[in-house]
Amino acid sequence: MAADLVLAIETSCDETAVAIADADGNPLVSRIASQIAIHAPYGGVVPELASRNHSADLRPLIDSVLREAGVAMHDIGLVAATSGPGLASSLLIGDTTAKALAVGLGRPFYSINHMEGHLLSPFIGRGGEVEPHVALIVSGGHTLLIAVEGTGRYRLLGSTKDDAAGEAFDKVGKMLGLPYPGGPSIAKLAESGRVDAFDFPRSMINSGDLDFSFSGLKTSALHLRARLGDRPVAAELADFCASFQEAIVDVLVAKLLGAAARTGARLVSVSGGVSCNLRLRERIRAACESAGLEPALAATAYSTDNAAMIAFAAASRRRAGIPPSPLNADIDPNLKLA
Ligand code: KG4
Ligand code: ZN
């Protein structure tokens with residue numbers, strides 16, 4: 001086998017993830033050692049627990065991914081790791097391991113921005129170059145609208161002024177006593193609720209810019225929670241979740257269409273953990289159809305944190321002629337994409 005495969009490591013937060021992809025970034029094997037059950041009792045990620053578990057899980061995960069792909073270490077032609085944004089103590093584990101492997105193998109190392117991984121994830125398996133488009137990235141820590149010219153050429157159009165969309169889901173999930181993380185829990189309950197049962201604010205929907213704000217929505221959820229009392233009946237809880245989710249979806253869809261109109265883009269992509277949300281996917285598909293836009297939605301397997309997207313970003317950067325990263329490139333918990 002030619003030594004042109006990509007080995008990628010993602011440890012920016014609470015998931016230890018390793019993937020092997022071909023030279024074009026098409027994933028051969030992508031695996032995650034999830035820490036969700038470890039952090040669930042705390043209702044959020046505990047940084048020290050996250051880094052300890054990355055340390056324990058990463059090496060065996062690399063071995064098992066290589067085995068599953070039927071690949072030997074010397075078949076790897078490029079090593080990549082997430083260098084930010086994220087938790088410093090978590091980022092360091094993947095970054096250091098990847099650099100050590102790159103040195104040991106004598107292969108180039110690419111340090112990858114986690115948000116670039118998300119941004120490019122809808123293009124995994126699509127073939128060809130990353131086309132110019134508008135990207136909406138909705139994750140636990142970020143809500144970004146980006147004008148994309150091609151791999152590595154990004155311009156920020158808008159972002160959240162306060163909470164990220166995923167953060168709003170998670171905080172309100174916690175408020176409702178739902179299992180962590182809140183996003184999937186709220187989405188599940190919302191399936192049987194009415195989207196117009198409660199009136200939640202759509203902050204900044206008519207602000208005329210491409211920024212977001214979700215903290216008012218969170219406060220409004222807190223007030224409604226208090227009004228419903230300690231034990232809302234199941235139907236009330238479902239209505240709460242459906243109406244709350246709809247408020248977030250309304251804003252995301254409106255701003256994405258606004259960004260496409262402003263830039264003249266015909267292609268729009270959606271990525272990040274919140275892009276798993278089925279209601280969001282359905283509403284984006286419908287809105288794109290009415291507006292004559294083409295939607296590229298990240299496959300759900302590549303929406304939440306994973307290493308296939310890091311491998312794909314590294315392969316795309318190499319194909320675009322972007323040079324590898326120096327081995328003294330530091331991690332950056334606040335790394336910006338644009
Ligand atoms: O991209 P991601 O895995 O991690 C970050 O980079 O932050 O995103 C995690 C976020 C969490 O806030 C989680 O609640 C949210 O994605 N999420 C969802 C759904 N699945 C995951 N939010 C709404 N609906 C979902 N089905
Ligand atoms: Zn992420």
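Whatever order the structure lists ligands and atoms in, that order sets their numbers, starting from 1. We number each residue from 1, following the sequence as shown.
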Counting heavy atoms not belonging to [X], are there more than 12 under 6.0 Å from its [atom1]?
| X | atom1 | result |
| --- | --- | --- |
| R126 | CZ | yes |
| R59 | CZ | no |
| E294 | CD | yes |

**Study point:** Test salt bridge (charged side-chain N to carboxylate O under 4.0 Å, His left out) applied to R285 and E282, step by step
**Key:** CA-CA 5 Å; R285 284 204 189 91; E282 172 189 303; over 6 Å; no

Would you mind listing which atoms of ligand 1 come within a distance below 4.0 Å of any non-hydrogen atom of [X]?
| X | answer |
| --- | --- |
| G141 | 7 (O) |
| G166 | 12 (O) |
| C276 | 20 (N), 26 (N) |

Closest by any non-hydrogen atom to [atom]: pick that one out of [options].
| atom | options | value |
| --- | --- | --- |
| atom 18 (C) of ligand 1 | A298, P85, G183 | G183 |
| atom 23 (C) of ligand 1 | L280, D14, N277, N306 | N277 |
| atom 21 (C) of ligand 1 | G273, A164, G140, G86 | G273 |

Practice item. Tally every protein N/O/S atom whose distance to the Zn ion (ligand 2) is less than 2.8 Å; waters are neither shown nor counted. Key: 3

Review point. Below 4.0 angstrom, N of the basic side chain to O of the carboxylate: do E167 and K218 qualify?
Key: no

Review point. Does a salt bridge link R279 with D250, judged by any charged N lying under 4.0 Å from a carboxylate O?
Key: no

**Study point:** ligand 1 N/O within reach of T304 N/O, cut-off under 3.5 Å
**Key:** no

Review point. Going by distance only, is there an N or O of G272 that falls short of 3.5 Å from an N or O of ligand 1?
Key: no

Given side chains that start at C-beta, do those of [X] and [Y] come closer than 4.5 Å, heavy atoms only?
| X | Y | answer |
| --- | --- | --- |
| V45 | L87 | yes |
| S271 | S121 | yes |
| I76 | V6 | no |
| P60 | D63 | no |

Review point. Below 4.0 Å from any atom of ligand 1, is there a heavy atom belonging to H118?
Key: yes

Check your understanding: Does some non-hydrogen atom of H114 fall short of 4.0 Å from ligand 1?
Key -> yes

Practice item. May I ask you to identify, for D170, whether its side chain, its backbone, both or neither come under 4.0 Å of ligand 1 on a heavy-atom basis? Key: side chain

**Study point:** K171 versus S215, side-chain donor and acceptor atoms under 3.5 Å
**Key:** no

Practice item. Would you please indicate yes or no on a ring centroid separation below 6.0 angstrom for F200 and F240? Key: yes

Review point. Considering only protein heavy atoms, which is closest to atom 2 (P) of ligand 1, and at what distance to one decimal place?
Key: D305 OD1, 3.3 Å

